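Worksheet: one structure, shown below.
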2 protein chains.
Amino acid sequence: MNTVDFAKAIGDETRQKIMSLCCCRQLSVSEIVAQMGVTQPTVSHHLKILRDAGMVRMERRGKEIYYTLNQERLAQGCCRVAEEFAPDIDLKIDSKA
Amino acid sequence: MNTVDFAKAIGDETRQKIMSLCCCRQLSVSEIVAQMGVTQPTVSHHLKILRDAGMVRMERRGKEIYYTLNQERLAQGCCRVAEEFAPDIDLKIDSKA
DNA sequence: TTTACATATAGACGATTATCTATATAATGC
DNA sequence: GCATTATATAGATAATCGTCTATATGTAAA
């Protein structure tokens, strides 16, 4: 995944809200929809974009599909951007406890 | 500057090419135009977006205006994104020699 | 197998955006 | 002042994108 696609994937208010919601916990699509001001198809649309960008993981359980943000991929994308355009500045990843 | 505006500013192929060009050296608008496949007004347009996002510095010398990428701001934006959406991963900035 | 529920997809539509041409502004030299 | 060069701005246009409604797909329960 290149830096343009990465930045485009995260460069939308609705998607960032979704990212915040399923950043630290699994959420079903309905749960996401319930907390956003847009329709379910719109949420599904944005989830697809995030999925295609590798930014979220999905897991089906029964009728529901749970999404979680892929924090590693996100951080990797940030590092890629910094490496490419800010070579004089060093961004290091340290996994927290 | 919020993370949406930051991601939108860098989420364009033409702008990323400009960012690459004036990442490590000052370049005048004409010099940038010469290395890109778009017209001068288009380059000016993208420079304005990068300027508004604080991603480039400009310096007038005579008739020419020289642009440089603001690597610190860029790296800061990357960190902001990681902090907000990947709180379990720690991205630290280390200034290189 | 029908019904109900959860999610995805298709298609339409308005808004935003990237590009262009034409023109304005700014700086320099004659 | 006038001409020249460099950059910015205005306005038009086509393409992309985000949102909606309608509908299809998938899963589980009756």
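Order of the sequence lines fixes the chain letters, A, B, ..., with proteins taken first and strands second; residue numbering starts at 1 for each chain. Here the structure is a predicted model, which is why all the values come from computation and not from measurement.
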When rounded to the nearest 0.5 angstrom, what is the spacing between CZ in B:R25 and OG1 in B:T68?
-> 12.0 Å
Which pair of heavy atoms, one from A:L50 and one from A:A9, lies closest together, and at what distance?
-> CD2-O, 4.0 Å
Which pair of heavy atoms, one from B:Q35 and one from B:K17, lies closest together, and at what distance?
-> O-NZ, 3.4 Å
Give the rounded distance in Å between these two atoms: CG of A:D52 and P of C:dA8.
-> 12 Å
Are B:L47 and B:M58 grouped together when hydrophobic residues (ILVMFWY) are joined by side-chain heavy atoms under 4.5 angstrom apart?
-> yes
Under 4.0 Å protein heavy-atom contacts per nucleotide of nucleotides 24-30 of chain D, with B for base, S for backbone only and - for none = --SBS--
Those residues that, when tested against B:S44, pass side-chain hydrogen bond (donor to acceptor under 3.5 Å, both in side chains) (two or more places apart) = B:Q40
Using the rule that two of Ile, Leu, Val, Met, Phe, Trp, Tyr join whenever any of their side-chain heavy atoms come within less than 4.5 Å, decide whether B:L21 and A:F85 are in one cluster.
-> yes
Contact state string [nucleotides 8-21 of chain D, B base, S sugar-phosphate only, - no protein heavy atom under 4.0 Å] = BB--------SBBB
Hey, is CZ on B:R51 packed in by over 12 heavy atoms from elsewhere, all under 6.0 Å?
-> yes
Side-chain donor or acceptor of A:Q16 paired with backbone N/O of A:I10 under 3.5 Å | yes
